[in-house]
Amino acid sequence: MSTSTGSTKLQVDLRRHLREEGVEPNLAHLICELAEASKYIVNAIRTGDLGVAGTSNLYGEEQLALDVLSDRILIKRLTHSGVVSNIVSEENDGVIPVSMDCAGKYAVAFDPLDGSSLVDVNLAVGTIVSIYDGCDLLQPGRNQAGALYILYGPRTTLVYSVGNGVHEFNMNHLMEYTLTRSHIKLKPSADLYSPGGLRNCYTEGTRLFVRDLEERGAKLRYSGGFVPDINQLLIKGQGIFFYPHLTNAANGKLRVLFELNPMAYLVEQAGGMASTGTERILDICPEEPHARAPVFIGCSEDVLRAQEFIAKHG
Ligand code: AHG
Ligand code: MN
Ligand code: MN
């Protein structure tokens, strides 16, 4: 389980934590820039226009003003950071080139506002970020240099890892991020489950897996937002989330580069597992920036059991 540092004496801010962890300076700068950008996104969510942007993204999904605004805030911040080579964003086609010089730079894939349609019903949403050394974003997720998310809920929290454990920060009244939990760990087994996707499109294997979870007395907790749903299992130290292969969508819904890889990296760093149901998420070699995959992510024993049901029943 994580160690909570709720007492005020340990008011370690994000920049100090990155320095004390010996994080490579350009990577530390990038993470701090993302933290800075989140302050503008928080304000946009709290006060911004909840309407539509009048545009649609490459999926043909109508973009909300907040999707486009959050996207612009992040692209602008990263472009001027001096440490970014390329960008992929859920809200843009293809790769956005920033610098031809890869040395000492990072390639960044992000979902600027995941779950944005939940804002108008006042549910929690988040920003998800995946970071690679150099220029190339079409790599397996196991090569990530780091990953983070920012959760815009009743509190604004930032959770990151660069390979030395998973750490949570809370935005205080001065909009600074201070350390609240370090080395977050998952237990081997879950009693919370978050089943995404239409149940009447589940395959036999997933259906039997859900029945098994219910027979074990697991509680259903599903917000419809990937970031709060993953944050819940990390902070509670147990849970399993899945958005599986469906009879009408063999690759499920979530995107590998900027939703699954960063969350899989964080969950594995916390001692959990992330699978498509047949292979490790972090071993997927994405063919294009918006590739999708099914996902079972969380406590290792539950992910392994899901894989068994799918191996047996499809
Ligand atoms: P986005 O808002 O970036 O398109 O992503 C939404 C995703 C994710 O947040 C969540 O897990 C999933 O959509 C929920 O999908 P359903 O509404 O089909 O359950
Ligand atoms: Mn998303
Ligand atoms: Mn999104």
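Reckoned from all heavy atoms, side chains included, excluding hydrogens, waters and symmetry mates.
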Keeping E176 on the side-chain end and M171 on the backbone end, is there a donor-acceptor pair under 3.5 Å? no
Any carboxylate oxygen within less than 4.0 angstrom of a Lys/Arg side-chain nitrogen, looking at E215 and R211? yes
Does V162 belong to the same Ile/Leu/Val/Met/Phe/Trp/Tyr cluster as Y106, with side-chain heavy atoms less than 4.5 Å apart forming each link? yes
Heavy-atom closest pair (G94 atom, V88 atom, distance to 0.1 Å) is O-CG2, 3.9 Å
Hydrogens and angles aside, do T127 and Y152 bring a side-chain donor and acceptor to less than 3.5 Å of each other? yes
Within one Ile-Leu-Val-Met-Phe-Trp-Tyr cluster: L78 and L14, side-chain cutoff 4.5 Å: yes
Do M263 and L254 share a hydrophobic cluster (ILVMFWY, side-chain heavy atoms under 4.5 Å, transitive)? yes
What is the distance from atom CD1 of I150 to atom CD1 of I128, rounded to the nearest 0.5 Å? 10.0 Å
N170 vs T157, side-chain hydrogen bond (donor to acceptor under 3.5 Å, both in side chains): CA-CA, chis, key distance, verdict: CA-CA 5 Å; N170 188 62; T157 56; 5.9 Å; no
Using distance alone, with no hydrogens and no angle criterion, decide if N261 and S130 have a side-chain donor and acceptor under 3.5 Å apart. no
Beyond-backbone contact of L113 with E90, side-chain heavy atoms, under 4.5 angstrom: no
Hey, does the side chain of E21 reach the backbone of V23 with a donor-acceptor pair shorter than 3.5 angstrom? no
Between N143 and Y132, does a side-chain hydrogen bond (donor to acceptor under 3.5 Å, both in side chains) hold up when you go through it step by step? CA-CA 7 Å; N143 297 343; Y132 288 93; over 6 Å; no
Is there a donor-acceptor pair closer than 3.5 Å between any side-chain N or O of D229 and the backbone N or O of S223? yes
Donor-acceptor pair, distance only, cut-off 3.5 Å: does the side chain of H167 make one with the backbone of H183? yes
Residues R207, E204: salt bridge by 4.0 Å N-O rule: yes
Shortest non-hydrogen contact from P289 toward V95: CG-CG2, 4.4 Å
Salt-bridge contact D13-R16 (side-chain N to carboxylate O under 4.0 Å): no
Determine whether I235 and E168 make a side-chain contact, defined as any pair of heavy atoms from C-beta on separated by less than 4.5 Å. yes
For this output row, return yes or no: ring centroids of F242 and F296 closer than 6.0 angstrom. yes
Here the ring pair (Phe, Tyr, Trp, His ring centres under 6.0 Å) pairs for residues 264-292, sequence neighbours left out, are Y59-H290, F258-H290
Side-chain touch L220/Y193, heavy atoms, less than 4.5 angstrom: yes
Geometric class of the Y222/F241 ring pair [parallel <30°, tilted 30-60°, perpendicular >60°]: parallel
Does E279 reach the main-chain N or O of T276 with its side chain, forming a donor-acceptor pair under 3.5 Å? no
Do you reckon I284 sits in the same ILVMFWY cluster as V295, going by side-chain contacts under 4.5 Å, direct or chained? yes
To the closest 0.5 Å, what do you measure between CG (D212) and CZ (F209)? 7.0 Å
Reported CG-to-CD distance for the pair L282 and Q139, which is rounded to 0.5 angstrom: 12.0 Å
Using a strict cut-off of less than 4.0 Å between a Lys/Arg side-chain nitrogen and an Asp/Glu carboxylate oxygen, indicate whether D191 and K219 qualify as a salt bridge. no
State whether E268 and R280 are salt-bridged, where the test is any N-O pair (Lys NZ or Arg NE/NH1/NH2 against Asp/Glu carboxylate O) under 4.0 Å. yes
Strictly distance-based, threshold 3.5 Å: is any side-chain N or O of R292 a donor or acceptor partner for the main-chain N or O of K253? yes
So which heavy atom on S81 is nearest to which on H29, and how close? O-NE2, 3.2 Å
Using 0.5 Å steps for rounding, measure from the CZ atom of R15 to the SG atom of C32. 4.0 Å
With no hydrogens and no angle check, just 3.5 Å: does a side-chain donor-acceptor pair link N172 and T178? no
Polar side-chain atom of T206 near backbone of Y202 as donor-acceptor pair, under 3.5 Å: no
Beyond-backbone contact of I281 with I297, side-chain heavy atoms, under 4.5 angstrom: no
Within the 3.5 Å criterion, strictly below it, is a donor on H313 or T203 matched to an acceptor on the partner's side chain? no
